[in-house]
Amino acid sequence: MPPPITDEEQTSAVRKPPARVGALEPLRIPVFRMLWSTWLMANVCMWMNDVAAAWLMTTLDSSPLWVALVQSASTAPVFLLGLPSGALADILDRRRWLMATQFWLACTAIALCAVIAAGVITAPLLLALTFANGIGLALRWPVFSAIVPELVPRSHLPAALGLNGISMNASRIIGPLLAGFLIASAGSVWVFAFNAVLSVVSGFVVMRWRREHKPNPLGRERLVSAMRVGVQFVRQSPRMRAVLLRISLFFFHSTALLALLPLLARGLKGGDAGTFTLLLASMGSGAIFAVLLLPRMRQELARDQLVMGGAAAQAGATAVMAVAPNAWVAVPAMFIGGMAWITTANSLSVSAQLALPDWVRARGMATYQMAIMGSSALGAAIWGQIATVTSLYAALLASAITGVLSMALAVRWVRDHPEEDDVSPAQEGWATHPPGAKPEEQGRVVIQVDYRVDPARADAFRRVMDETRRVRLSQGAIEWTLWHDINDPGHFVEHIVDESWTEHLRRFHRATAADIALRERRLAFHLGDEPPTVTRYIAPR
């Protein structure tokens with residue numbers, strides 16, 4: 001077998017069939033249990049804030065558009081800031097970053113308390129402070145998503161993500177109940193005050209986590225470069241593209257129900273703040289119930305079947321809510337909606353996590369959250385406007401019909417690969433031909449790899465090189481081409497450009513087991529006893 005060369009990557013591996021892991025098994029791991037409890041507390045704060053803000057807006061301006069914009073203001077920052085926050089979570093100490101986000105949320109809660117207590121709150125000011133709170137959520141989500149896989153074994157990851165869903169949906173019950181009680185008994189200002197206390201407590205709990213931050217031996221990536229590489233990875237990953245399309249379609253349509261729920265609650269017979277809380281709690285209960293069933297469902301159904309089934313059930317729940325006359329009809333519909341929501345979201349979240357190597361995990365999950373929040377913010381505004389110019393019934397029915405049809409088209413035409421690449425890091429020492437000493441000149445690094453291939457196998461070689469292009473670019477290369485010698489049909493030259501010498505070296509640190517397997521497939525085409533010739537040039541700035 002030809003010896004490996006420096007600029008190569010990996011794939012692979014024989015996989016053992018996964019053993020069934022119980023839904024609550026990850027809670028046996030102490031550090032996961034501690035951080036999961038913190039995540040639960042943080043999500044309780046989020047739902048308390050959203051419920052209090054949405055209900056407060058109905059007292060300031062009951063227009064469907066203004067009420068729906070509360071959710072837009074809460075979720076838009078995750079879309080706008082998701083990528084830089086994900087890049088920072090990959091670059092900085094994740095423990096300190098998570099801790100800082102909790103204190104940011106405490107500060108925004110205190111600011112809300114102050115303006116409400118002073119009696120100067122207005123609809124635009126409420127949206128502005130809700131947006132500021134959303135900034136804290138934008139900074140927090142990518143880092144927490146990135147640390148979960150390092151807390152549990154790979155086999156426990158679906159269950160751990162399911163528990164995150166339980167956290168989110170238990171908080172969907174606890175948060176609204178607490179918020180409803182405080183609003184009814186003391187007023188909205190005490191909801192935000194309680195949020196501030198819980199956020200501070202969460203920050204101090206995170207301080208107990210004794211995580212050892214391992215700095216990159218090549219130093220910190222520059223923020224702009226880290227963001228560029230994160231975008232490139234997602235663009236070059238067929239699985240991530242499929243996941244992002246599905247999750248965007250699902251949340252764009254399903255957000256119509258949540259965004260308009262305060263008005264639906266008011267419209268039910270005897271509807272009030274307690275009815276709104278009951279509906280949210282019903283949805284959360286359905287999600288928790290579904291999480292306990294997910295291990296068995298994952299064994300019996302393919303991932304696309306779970307996603308399509310969840311989208312169809314969500315559409316059905318939305319259609320029922322459009323015509324529900326009272327809570328007796330609305331509560332079961334919201335329960336089913338909660339089951340559908342967690343089934344679809346968990347299935348797609350697991351798919352995203354398994355597609356991401358650790359070096360880009362926070363950036364990848366940031367794009368996942370951006371897709372959720374961007375589609376939710378856009379959906380809330382659009383469905384709110386449709387409800388304003390038509391009716392709640394028309395908006396919800398339209399979202400139900402288009403939601404299930406668009407998901408069916410996505411599942412049919414944009415396939416999520418059933419095979420999962422091994423994205424574990426390549427073994428140390430895999431690059432047996434190091435690039436050499438750092439050049440004295442600064443500039444882009446141009447690499448050329450010469451291959452000798454049997455002309456009869458040229459088409460098969462090109463197909464493998466198409467995969468190679470995707471891997472090179474996903475690791476951070478800024479340019480890739482394959483040249484074919486017109487005078488020598490068996491001579492191919494791979495042309496790669498890296499941003500700098502440091503970025504060139506980073507590609508070796510980013511290699512995965514899947515990349516190494518791909519390298520072996522590529523080298524199998526090379527003729528001769530010597531490996532392909534690798535030549536490096538500096539293009540001075």
Side-chain angles (χ1 to χ4, degrees), residues 2-10 87 90-91 215-236 357 359-360 363 425-453 461-462 464-488 490-512 515-516 518-520 522-523 525-528 530-541:
I5 63 173
T6 336
D7 283 279
E8 316 289 349
E9 296 101 2
Q10 32 180 78
D90 276 330
I91 295 171
N216 192 304
L218 297 173
R220 288 180 180 173
E221 292 182 69
R222 293 181 296 109
L223 180 59
V224 174
S225 179
M227 291 168 59
R228 174 186 65 80
V229 174
V231 171
Q232 282 188 201
F233 183 93
V234 171
R235 288 184 61 189
Q236 298 302 324
W359 66 267
V360 74
R363 280 166 280 186
Q427 295 180 357
E428 291 188 16
W430 69 270
T432 57
H433 294 270
K438 181 179 180 180
E440 294 182 2
E441 297 177 282
Q442 298 295 316
R444 293 184 171 183
V445 179
V446 180
I447 308 99
Q448 292 185 359
V449 186
D450 286 75
Y451 298 92
R452 304 296 310 181
V453 177
F461 177 71
R462 285 192 179 94
V464 171
M465 295 307 288
D466 284 340
E467 295 182 49
T468 300
R469 174 186 179 277
R470 175 180 59 79
V471 169
R472 304 290 199 201
L473 294 175
S474 70
Q475 290 176 338
I478 59 177
E479 184 182 321
W480 187 98
T481 50
L482 181 66
W483 298 335
H484 189 195
D485 192 335
I486 59 176
N487 295 316
D488 184 353
H491 183 206
F492 288 84
V493 178
E494 183 184 10
H495 177 82
I496 314 161
V497 180
D498 285 321
E499 189 177 34
S500 67
W501 183 254
T502 299
E503 292 304 308
H504 174 58
L505 296 180
R506 287 193 199 281
R507 285 203 291 112
F508 297 97
H509 290 264
R510 293 166 178 162
T512 67
D515 300 334
I516 295 303
L518 176 61
R519 178 196 65 181
E520 298 305 324
R522 185 167 57 246
L523 292 182
F525 286 91
H526 181 67
L527 302 175
E530 294 298 319
T533 302
V534 181
T535 310
R536 296 177 177 82
Y537 304 90
I538 289 292
R541 290 190 176 91

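Under the rule for a side chain to side chain donor-acceptor pair (under 3.5 Å), Gln236 has no partner lying at least two apart in sequence or in another chain. Partners of Glu467 according to the salt bridge (charged side-chain N to carboxylate O under 4.0 Å, His left out) rule, which considers only residues two or more places apart in sequence or in another chain, are Arg521. In this structure, Trp359 has no side chain to side chain donor-acceptor pair (under 3.5 Å) partners at least two apart in sequence or on a different chain. In this structure, the side chain to side chain contact (heavy atoms under 4.5 Å, CB included) partners of Val493, at least two apart in sequence or on a different chain, are Gln448, Asp450, Trp483, His491. The salt bridge (charged side-chain N to carboxylate O under 4.0 Å, His left out) test applied to Arg469 returns no partner, not counting sequence neighbours. Residues passing the side chain to side chain donor-acceptor pair (under 3.5 Å) test with Thr535, sequence neighbours excluded: none. When the ring-ring contact (aromatic ring centres under 6.0 Å, His included) test is applied to His484, the partners found at least two apart in sequence or on another chain are Phe492. Under the rule for a side chain to side chain donor-acceptor pair (under 3.5 Å), Arg470 has no partner lying at least two apart in sequence or in another chain. The salt bridge (charged side-chain N to carboxylate O under 4.0 Å, His left out) check on Arg452 picks up Asp488, with sequence neighbours excluded. Taking the side chain to side chain contact (heavy atoms under 4.5 Å, CB included) definition, one finds that Val234 meets it with Met240, Leu244, Thr367, sequence neighbours left out.
Summarising the geometry, atom CG belonging to Asp498 is positioned 14.0 Å from atom CH2 belonging to Trp480; distances are rounded to the nearest 0.5 Å. Remark: Arg510 CZ to Leu505 CG distance equals 10.5 Å, nearest 0.5 Å. Phe525 CZ to Arg462 CZ: the interatomic distance, rounded to the nearest 0.5 Å, is 11.5 Å. Distance check, rounded to the nearest 0.5 Å: OG of Ser225 to CD of Gln232 gives 8.5 Å.
Here the shortest heavy-atom pairing between Ala511 and Gln475 reads CA-NE2, 3.6 Å. Taking every heavy atom of both residues into account, Asn487 and Asp485 meet most closely at N-OD1, 2.9 Å. Residue Pro532 comes nearest to Val449 through the heavy atom pair CB-CG1, 3.7 Å, listed as atom of the first residue, atom of the second, then distance.
By the 4.5 Å heavy-atom criterion applied to side chains, Ile478 and Glu503 are not counted as neighbours. In this structure the side chain of Leu223 reaches within 4.5 angstrom of the side chain of Met227, judged on heavy atoms. Contact of the His504 side chain with the Ile496 side chain is not registered, since no non-hydrogen atoms from C-beta on lie closer than 4.5 Å.
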Run Arg507 and Ile447 through side-chain contact (heavy atoms from CB on, under 4.5 Å) and show every step you take.
CA-CA 13 Å; Arg507 285 203 291 112; Ile447 308 99; 4.0 Å; yes
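A donor-acceptor contact closer than 3.5 angstrom is absent between the side chains of Thr468 and Glu494.
For the side-chain contact (heavy atoms from CB on, under 4.5 Å) with Glu479, the qualifying choice from Val446, Val497, Leu473 is Val497, the only one to do so.
The residues Arg228 and Glu499 are annotated as salt-bridged, a charged nitrogen and a carboxylate oxygen being separated by less than 4.0 angstrom.
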